[in-house]
Each structure stands twice: as C-alpha cells, then as structure tokens.
Engineer: 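Here it is, the structure in full.
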Amino acid sequence: HRGLVTPSNQYAVIESAARFADGQSVEEHSSSMTTLVSGYSRVAATNPNAWTQTAMTPAEVAAAPMISTPYTKPACSQWNVDQASAFILCSVDAARAAGISSDRWVFPHAGVESNLMVPLTERALMWRSPAIGAAGTALAEMGATASEHDLMEIYSCFPAAVRMQCRELGIELDRQLTVTGGMHFGGGPLNNFSLQALAQMVPLLRERPTSRGLVTSISGMVTKFGAGSWSTVPPTGGFRSADVTSAARAVTPVLPIDSDHVGDVTVAGFTVEHAKGHPRAAVVVADTTSGTRVVASSDDPTVVEAMTSGEWVGQRVRVDGPLLNLYAAL
C-alpha cells in the first residue's frame, strides 16, 4: 500500500493536488479548508440528531491534532459513532391507504449513479471526477440541476470530497452545503450517513413546501457516486433515474502504475501521516517522465520533517521503487 492504506492519507493526497491545481498557496488553502469545516460544525450545533453539537471556529479546526497533512482531526470523517436512520418509501396509493396526510409526502424526483471503479493512483487528474461531472449533466437533463436546489447535503467524508463534488456540479463552496453538520460532526458511519442525511432532509422539505433538496453519496475515495433530488411537489412525468458509468468511463483519463520505477519524478499529490499529533511518514503519488504513475513513502525523519511544510506538489523528487528520497529536491 506504500502509505496509502488509510482514507485520511488518500483524501489528503487529493486535497494537495486540488490546492495546486487551483493555484492556492498553502496558507490560502488552509484558510479556505478550515472555514469549510467550521461551517459544517455550526450546522451540527443546531442539529439535535448530530453526534456532537460543538461549533468550532476555523482557528480551532486548524489547531486540532494533525492526522494527515493538511487534515486535522475535525476535518476527518468520524466513523466510530453509534447511529442509525430509517424512512419509509411507498407509492402514493399506499400512503393514502395508510391515512398519511399529503402534507407529509416527499417525492424522489431524480436519481443518478456512477459505478466506475478507478483507483486513486491511476487517475491522471486526481483532483477531478469526470464521473461526478457526468452525473451532474444527467441531473440537469432530468430537470434537477444540482446548483438550483434550495437545500443540500454534499457528502462530506473529507474536505477534498466536498470540494471535488462542488467543482463538478457547479456549486459554490460559500453556500450552505449541509443540513446535518456532515460526517465530521453530524453522523455516520460510512455510507449509512447518506440515509441519515435523507432523514434530516425530509422534515426540512416538509417545512418548506415547493423547495428542493439534493443528497449526494460517495463510495471509496471518490470512486462510486450517487445523487438524489427530492421535493414535496410531485415530479412531472414521475421519477427519473440514470446510470452514467459508461459516460464516466469514456471521459476519465488514467495512467498505468509503474511500481518498480527508479529515478526522478514529479509530485502529483502528497501528505505526511501523523500519529498522536507527530509526523511519522511522508507519502507521495508522483508522475514519471514516461507518463506512468508511482507511489512511494518514507519514514526517514529528514524526509518527513522536510515535507511537513511548504508546497511539494510540482516538485521533483527521487524514488527507488517504494522508497521516497528528497535529495534531488533539497
């Protein structure tokens, strides 16, 4: 696994690649990321079903123990929670027969999914998800343009996932992206969270007749993707769905992995894994001059310390198969 076994490391690598692609400095990115996480915590503070209702300032998010650079603990998904959710999906006829008042009805309008499985290390553009873009196009064609929803729950395991979805779906990062507080503060574990998000979305839609809600979901490292559009207003023409796996495959560029590469490479994404707040291993995903991809790591204290600060994406380093060495850059 060469240091990429944990989700926090993989998403941190994506985060670094996105930062570099957007031309942000490390400081600018830290400010925007901690502001995003802080916003999720403020929503959780108003959600009685959230596993924690403690609002955090951006400074408090930044000062928390580091897990995988640049992620401190509040920026990471919390899966050690004991939560569940449930809802009943039935036909209108069944609802009438059960005596459920029509002001309680919430309708699914559109659903879209991609089941394309491309490992993070093989994605030529790690900060992009053409699959999510294809899903957004399908939603728009079904009359459910993502950015036009009044309420939304953008799946939030890690900030990079939020950033990537918003990029592909045309959603501004400065709007409220959660009704729960997200997976950092609102709930879990894992994909059960999407059901919790829906359980929170439904009563909010009932309180806002004619409004629309969007709930998204991710499996793996932004691997599979799904989204659903909901409203109290019945959908014209009934529920519509689409599987965009084939379309996603056609527009997703990949690179072959060369696990035995030796020589200089260019860092495409990186992180430093921490244990109990202390840096212990540097991890890079890098591109070779021959158009292949390599993953390498190091627990050498000199290498680890060097990579705890500054921007390493775009830098030239040297690898020897699984081993990372910075002497080419220092």
Engineer: Regarding Asp93 and Ser91, do their side chains bring together a donor and an acceptor under 3.5 Å, going by distance alone?
Structural biologist: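 There is no such pair (donor and acceptor under 3.5 Å, judged by atom type) between the side chains of Asp93 and Ser91.
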Engineer: Enter the distance from Arg104:CZ to Ile88:CD1 here, rounded to the nearest 0.5 Å.
Structural biologist: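 Reported to 0.5 Å precision, the distance equals 11.0 Å.
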Engineer: Using modelled atom types and a 3.5 Å cut-off, is there a donor and acceptor pairing between side-chain atoms of Asn9 and backbone atoms of Val283?
Structural biologist: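 Not confirmed, Asn9 side chain does not pair with Val283 backbone.
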Engineer: Counting only N and O atoms by type, is there a donor-acceptor contact under 3.5 Å from the side chain of Gln83 to the main-chain atoms of Asn49?
Structural biologist: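 Confirmed, Gln83 side chain pairs with Asn49 backbone.
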Engineer: Whether the side chain of Gln78 engages the backbone of Cys76 through a donor-acceptor N/O pair (distance < 3.5 Å, no angle test) should be reported.
Structural biologist: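 Checked: pair present.
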Engineer: Using the side-chain contact (heavy atoms from CB on, under 4.5 Å) rule, pick out the option among Thr121, Val319, Asp258 that qualifies with Val294.
Structural biologist: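 That would be Val319; it is the only one of Thr121, Val319, Asp258 passing the side-chain contact (heavy atoms from CB on, under 4.5 Å) with Val294.
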Engineer: How about Asn115 and Glu113: does a side-chain donor come under 3.5 Å of a side-chain acceptor?
Structural biologist: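 Short answer, yes.
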Engineer: With a 4.5 Å heavy-atom cut-off, do Glu305 and Val272 have their side chains touching?
Structural biologist: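 Sidechains of Val272 and Glu305: no contact.
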Engineer: To the nearest 0.5 angstrom, please state how far the OG1 atom of Thr271 sits from the OH atom of Tyr11.
Structural biologist: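 Answer rounded to 0.5 Å: 14.0 Å.
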Engineer: What pair of heavy atoms forms the shortest contact from Glu15 to His29, and how long is it?
Structural biologist: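 Scanning both residues, the minimum pair turns out to be OE2-NE2, 2.7 Å.
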Engineer: Roughly how far, to the nearest 0.5 Å, is CG of Leu89 from CZ of Phe107?
Structural biologist: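 Here the interatomic distance stands at 11.0 Å.
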Engineer: Say whether Ile218 and Val215 are linked into one hydrophobic cluster, either directly or through other cluster members, by side-chain heavy-atom distances under 4.5 angstrom.
Structural biologist: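 No, separate clusters.
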Engineer: Thinking salt bridges, do Arg293 and Asp287 make one under a 4.0 Å N-O criterion?
Structural biologist: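 Yes.
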Engineer: Can you name the nearest heavy-atom pair linking Val262 to Gly321, along with the distance?
Structural biologist: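 Taking Val262 first and Gly321 second, the nearest heavy atoms are CG2-N, 4.0 Å.
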Engineer: Indicate yes or no for a side-chain donor-acceptor contact from Arg42 to the backbone of Ala55 under 3.5 Å, with no hydrogens or angles considered.
Structural biologist: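 Checking the backbone N and O of Ala55 against the side chain of Arg42, no donor-acceptor pair under 3.5 Å is found.
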Engineer: If you take all heavy atoms of Pro279 and Thr308, which pair is closest and at what distance?
Structural biologist: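 What the structure gives for the nearest pair is CB-CG2, 3.8 Å.
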Engineer: In chain order, what residues pass the ring-ring contact (aromatic ring centres under 6.0 Å, His included) check against Tyr71, with sequence neighbours excluded?
Structural biologist: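 Expected list: Phe158.
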Engineer: Answer with yes or no whether the side chains of Ser231 and Arg212 bring together a donor and an acceptor at under 3.5 Å.
Structural biologist: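 There is no such pair between these side chains.
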Engineer: Indicate yes or no: at least one non-hydrogen side-chain atom of Pro235 is less than 4.5 angstrom from one of Arg240.
Structural biologist: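 No, side chains not in contact.
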Engineer: Give, for atom CE of Met164 and atom CD1 of Ile132, the distance between the pair rounded to the nearest 0.5 Å.
Structural biologist: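 Spacing of CE (Met164) from CD1 (Ile132) equals 6.5 Å.
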Engineer: Which atom pair, heavy atoms only, marks the closest approach of Ala160 to Ile14?
Structural biologist: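 Where Ala160 meets Ile14 most closely, the heavy atoms are CB-CG2, 3.8 Å.
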Engineer: How many angstroms lie between OG1 in Thr252 and CE in Met117, if you round to the nearest 0.5 Å?
Structural biologist: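 One gets 13.0 Å once the value is rounded to the nearest 0.5 Å.
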Engineer: Please confirm whether the backbone N or O of Thr288 pairs with a side-chain atom of Thr292, one donor and one acceptor, at under 3.5 Å?
Structural biologist: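 Not a single qualifying donor-acceptor pair exists.
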Engineer: Regarding Ser219 and Thr223, do their side chains bring together a donor and an acceptor under 3.5 Å, going by distance alone?
Structural biologist: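 Side-chain D/A pair, Ser219 to Thr223: absent.
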Engineer: Mark yes or no for whether Gln53, through its side chain, and Asn47, through its backbone, hold a donor-acceptor pair below 3.5 Å.
Structural biologist: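 At least one qualifying donor-acceptor pair exists.
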Engineer: Check Ser85 against Leu195 and note the closest heavy-atom contact, atom names and distance.
Structural biologist: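 In this case the closest contact between Ser85 and Leu195 is OG-CB, 3.2 Å.
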Engineer: Between His184 (side chain) and Ala75 (backbone), is there a donor-acceptor pair under 3.5 Å?
Structural biologist: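 Present.
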Engineer: Determine yes or no for a side-chain-to-main-chain donor-acceptor pair under 3.5 angstrom, with Ser30 supplying the side chain and Val26 the backbone.
Structural biologist: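 Checking the backbone N and O of Val26 against the side chain of Ser30, no donor-acceptor pair under 3.5 Å is found.
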Engineer: Is there a continuous path of hydrophobic side-chain contacts, each under 4.5 Å between heavy atoms, that joins Phe20 to Phe270?
Structural biologist: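 Yes; Phe270 is reachable from Phe20 via cluster members.
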Engineer: Are the side chains of Trp230 and Leu205 in contact, using a 4.5 Å heavy-atom criterion?
Structural biologist: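 Of all side-chain heavy-atom pairs linking Trp230 with Leu205, at least one is under 4.5 Å.
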Engineer: Just checking, is any N or O donor in the side chain of Arg249 or Thr245 under 3.5 Å from an acceptor N or O on the other one?
Structural biologist: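 Looking only at side-chain atoms, Thr245 and Arg249 do not form any donor-acceptor pair under 3.5 Å.
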Engineer: Hey, could you give me each pair passing side-chain hydrogen bond (donor to acceptor under 3.5 Å, both in side chains) that has a residue in residues 127-153? Not counting sequence neighbours.
Structural biologist: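 side-chain hydrogen bond (donor to acceptor under 3.5 Å, both in side chains) check on residues 127-153 returns Arg128-Glu168, His149-Ser229, Glu153-Thr178, Glu153-Thr180.
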Engineer: Quick one: CG on Leu323 to OG on Ser297, what's the gap to the nearest 0.5 Å?
Structural biologist: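 Leu323 CG to Ser297 OG: 7.5 Å, rounded to 0.5 Å.
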Engineer: Keeping Ser38 on the side-chain end and Met56 on the backbone end, is there a donor-acceptor pair under 3.5 Å?
Structural biologist: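 Confirmed, Ser38 side chain pairs with Met56 backbone.
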Engineer: For Arg175, I'd like to know if atom CZ has over 12 heavy atoms of other residues, nucleotides or ligands within 6.0 Å.
Structural biologist: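 Counting other residues, nucleotides and ligands, CZ of Arg175 exceeds 12 neighbours.
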Engineer: How about Thr216 and Gln165: does a side-chain donor come under 3.5 Å of a side-chain acceptor?
Structural biologist: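 Indeed, the side chains of Thr216 and Gln165 share at least one donor-acceptor pair under 3.5 Å.
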Engineer: Report the residues that fulfil salt bridge (Lys or Arg N to Asp or Glu O under 4.0 Å) with Glu311, sequence neighbours left out, ordered by chain and then residue number.
Structural biologist: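 For Glu311, the residues satisfying salt bridge (Lys or Arg N to Asp or Glu O under 4.0 Å) (neighbours in sequence not counted) are Arg19.
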Engineer: Mark yes or no for whether Glu60, through its side chain, and Thr57, through its backbone, hold a donor-acceptor pair below 3.5 Å.
Structural biologist: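 Side chain of Glu60 to backbone of Thr57, a donor-acceptor pair under 3.5 Å: yes, one is there.
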Engineer: Taking all non-hydrogen atoms of both residues, which atom of Ala227 and which atom of Leu214 are closest, and how far apart?
Structural biologist: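 Heavy atoms of Ala227 and Leu214 come nearest at CB-CD1, 4.2 Å.
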